[in-house]
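The structure appears right after this line, and notes come after that.
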Amino acid sequence: MTLRDELASIVSVTGVAHVEFREQIASTNDLALEQCCSKDLPTPLLVLTDRQTAGRGRGKNQWQASPGALTFSLVVDPQQLQLDSENWPLISLSAGVAVCEVLERLAQSNAFHLKWPNDIFVNDGKISGILVEVSPSLGRRVVVGIGINVNNSFQHADGEQSFPAISLADVTQRQWEIRDVLTEVTRSVLAKLTDLVEGKGEIVAAMNQRCYLNGREVVIALGKNQIRGSCLGIDPQGALLVSTQAGTRRVYGGVVQSFSPNR
Ligand code: BTN
């Protein structure tokens, strides 16, 4: 069965209000942001594609999805989830923890780590990336874009990037039903967001437990500035703690440009 054939069952299993499906699309986040302009947008909305051709990542990153990858975006209404804007930064971390927990469960492994704010690494390769964006439209919505390498193997790829990519199939040595990974992840992300206010402490603890950068030397681009230092973990508000020459900095935004290979 193709994803298109499974849309009704995806709605009933995940509890999303609607699925917007395209066989091929440049970026599910772009379509999700467009959908946010519609007045009667049903949320949570799932924007799903079989083939994303120009996926965007954080900062100047791109997200390349070869066949077998899972790419989708969830549009959520923070008001519906009773999330004040002060908690919005935690949306991205919650989504990262949710995806990580599902991958751990599927692979039956605790080797998955979260690279702040929400990339997922396993065996020193990137398996998943998450891009959270806030729609500029009135009645602001939050778009959580998720890319997971599921069946697209990188075992024979040349390692020219700064770090290698890896897939669930590479880790588990078996193929997966994309639909099953999608429904598990969607359910888990929505459940985490629903419990975010009460579960804040647990999310930060889960993040710290899996923090890939802890103890590594990091360089973070923040606008035109750079922050360099040693990573101390994540603080209760979800900021990255970096020990610099000028003292400990709390980093709420920015892009991790590089990190040392060893702790
Ligand atoms: C990153 O690695 O910096 C984040 C990557 C996020 C990729 C996902 S794939 C689905 C959604 N649509 C996009 O264009 N990007 C996100």
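Counting starts at 1 for both ligands and their atoms, in listed order.
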Return yes when atom CD of Q155 has more than 12 non-hydrogen atoms of other residues, nucleotides or ligands closer than 6.0 Å, and no otherwise.
->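 Buried by this count: over 12 neighbours within 6.0 Å.
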Per-pair distances, 0.1 Å, donor-acceptor, side chain in residues 214-222, under 3.5 Å, sequence neighbours excluded:
from	atom 1	to	atom 2	distance (Å)
R216	NE	Y212	O	2.7
R216	NH1	S260	O	3.1
R216	NH1	P261	O	2.6

What residues come within 4.0 Å of ligand 1, counting heavy atoms only?
->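 The answer is S27, T28, N29, Q52, G55, R56, G57, R58, N61, W63, T71, F72, S73, D119, K126, G129, I130, L131, G145, I146, G147, counting any residue whose heavy atom sits under 4.0 Å from ligand 1.
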Could you list the residues that satisfy side-chain hydrogen bond (donor to acceptor under 3.5 Å, both in side chains) with E133, not counting sequence neighbours?
->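 Testing E133 for side-chain hydrogen bond (donor to acceptor under 3.5 Å, both in side chains), a comparison that skips the adjacent residues, returns N29, R56.
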Taking NZ, NE, NH1 and NH2 as the nitrogens, is one of them in E20 or R22 under 4.0 Å from a carboxylate oxygen of the other?
->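 Answer for the salt bridge query: yes.
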Interatomic distance, I234 atom CD1 to Q209 atom CD [nearest 0.5 angstrom] =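 CD of Q209 is found 12.5 Å from CD1 of I234.
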Which residues, ordered by chain and number, are linked to V47 in its hydrophobic cluster, where ILVMFWY side chains connect at heavy-atom gaps below 4.5 Å, directly or through other members?
->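 V47 shares its hydrophobic cluster with I25, L31, L33, L41, L45, V75, V143.
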